[in-house]
Amino acid sequence: QNRPPKKHFGLTFEGTSRSLKYAFFVTLSLCLLIILVKYVLLKSGFNFSNDRVFSMTMGNQVNYLTIKYWVIIFVYSIITFPQELTTRGFLQSSFDILLENKHPWLAIVLSNFIFMTVHVSLMGYFQSFLIFIVGLAWGWMYSKQKNLIGVTLSHIVVGVFGLFFV
């Protein structure tokens, strides 16, 4: 059989500690970037569902004391792994093969463009563009680690932070 090993798709525990270290710094940077972008947009008159940098709600719909909030976080946490497996593990790795590992940034951009287009129908163009930017960081992380653990954990933390706290 000519199947690539699972490791090729980021399904490995090799390099997990290094992947988690990268994830910590990338996640912290992305959360700070999200805060900065929202602050700048608020100051420039961009209209949000509320006018604070930290909203602590998801479109003023979720009360933190309800089970609904925790269910949304739980479901979001579950769906991030298939997203990362598809976007980084399958698409980015496949583009790397097609480009003979000579153009890793092109593989990152192409896979992220597909990732972004899926989000357009869910969130609109502006939010999808921001997701594209965040996805570039995750694509870079994956290209350096070839391990989905850190990328997936970063995706969960940044996603929950962006949805509920900012």
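All residue numbers refer to positions in the sequence shown, counting from 1.
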Same cluster for Leu91 and Leu136 if Ile/Leu/Val/Met/Phe/Trp/Tyr side chains link at under 4.5 Å?
no
Got a second to check how far His8's NE2 is from Phe90's CZ, nearest 0.5 Å?
9.5 Å
Hey, any chance Val158 and Ile133 share a hydrophobic cluster, counting ILVMFWY side chains that come within less than 4.5 Å of each other, even indirectly?
yes
Short question: side chain of Ser19, backbone of Gly15 - any donor-acceptor pair under 3.5 Å?
no
Of all heavy-atom pairs between Val151 and Met141, which one has the smallest distance, and what is that distance?
N-CE, 3.6 Å
Side-chain heavy-atom pair Trp138, Leu30 within 4.5 angstrom cut-off
yes
To the nearest 0.5 angstrom, please state how far the CG atom of Leu85 sits from the CD atom of Gln83.
11.0 Å
Less than 4.5 Å apart, any side-chain heavy atom of Tyr142 and any of Thr87?
no
Check whether Trp140 and Leu110 end up in the same hydrophobic cluster, where Ile, Leu, Val, Met, Phe, Trp and Tyr are linked by side-chain heavy atoms less than 4.5 Å apart.
no
Using the test side chain to side chain donor-acceptor pair (under 3.5 Å), find all partners of Lys21 that sit at least two apart in sequence or belong to another chain.
none
Qualifying salt bridge (Lys or Arg N to Asp or Glu O under 4.0 Å) pairs with a residue from residues 91-100, counting only residues at least two apart or across chains
Asp96-Lys146, Glu100-Lys102
Are Phe24 and Phe161 co-members of a hydrophobic cluster defined by side-chain heavy atoms under 4.5 Å apart?
no
Is any side-chain heavy atom of His155 closer than 4.5 Å to a side-chain heavy atom of Tyr76?
yes
For the atom pair SG (Cys31) and CG (Leu36), what is the distance rounded to the nearest 0.5 Å?
13.0 Å
Ala23 to Thr27 - nearest heavy-atom pair and separation
O-OG1, 2.6 Å
For the residue pair Leu20 and Ile149, establish whether any side-chain heavy-atom pair is separated by less than 4.5 Å.
yes
Please tell me whether Phe129 and Ile35 are part of a single hydrophobic cluster in this structure, the criterion being side-chain heavy atoms less than 4.5 Å apart.
yes
Working for side-chain contact (heavy atoms from CB on, under 4.5 Å), residues Asn147 and Phe13
CA-CA 7 Å; Asn147 176 315; Phe13 289 107; 5.7 Å; no
Going by distance alone, is a donor N or O of one side chain under 3.5 Å from an acceptor N or O of the other, for Ser154 and Tyr22?
no
Is any side-chain heavy atom of Leu106 closer than 4.5 Å to one of Phe95?
no
Mind listing the side-chain donor-acceptor pairs of residues 111-123 below 3.5 Å, one per line with the distance, residues two or more places apart or on another chain?
residue : atom : partner : partner atom : Å
Ser111  : OG   : Ala107  : O            : 3.0
Ser111  : OG   : Ile108  : O            : 3.1
Asn112  : OD1  : Arg88   : NH1          : 3.1
Asn112  : ND2  : Gly135  : O            : 2.7
Thr117  : OG1  : Phe113  : O            : 3.4
Thr117  : OG1  : Ile114  : O            : 2.7
His119  : ND1  : Phe115  : O            : 2.8
Ser121  : OG   : Val118  : O            : 3.3

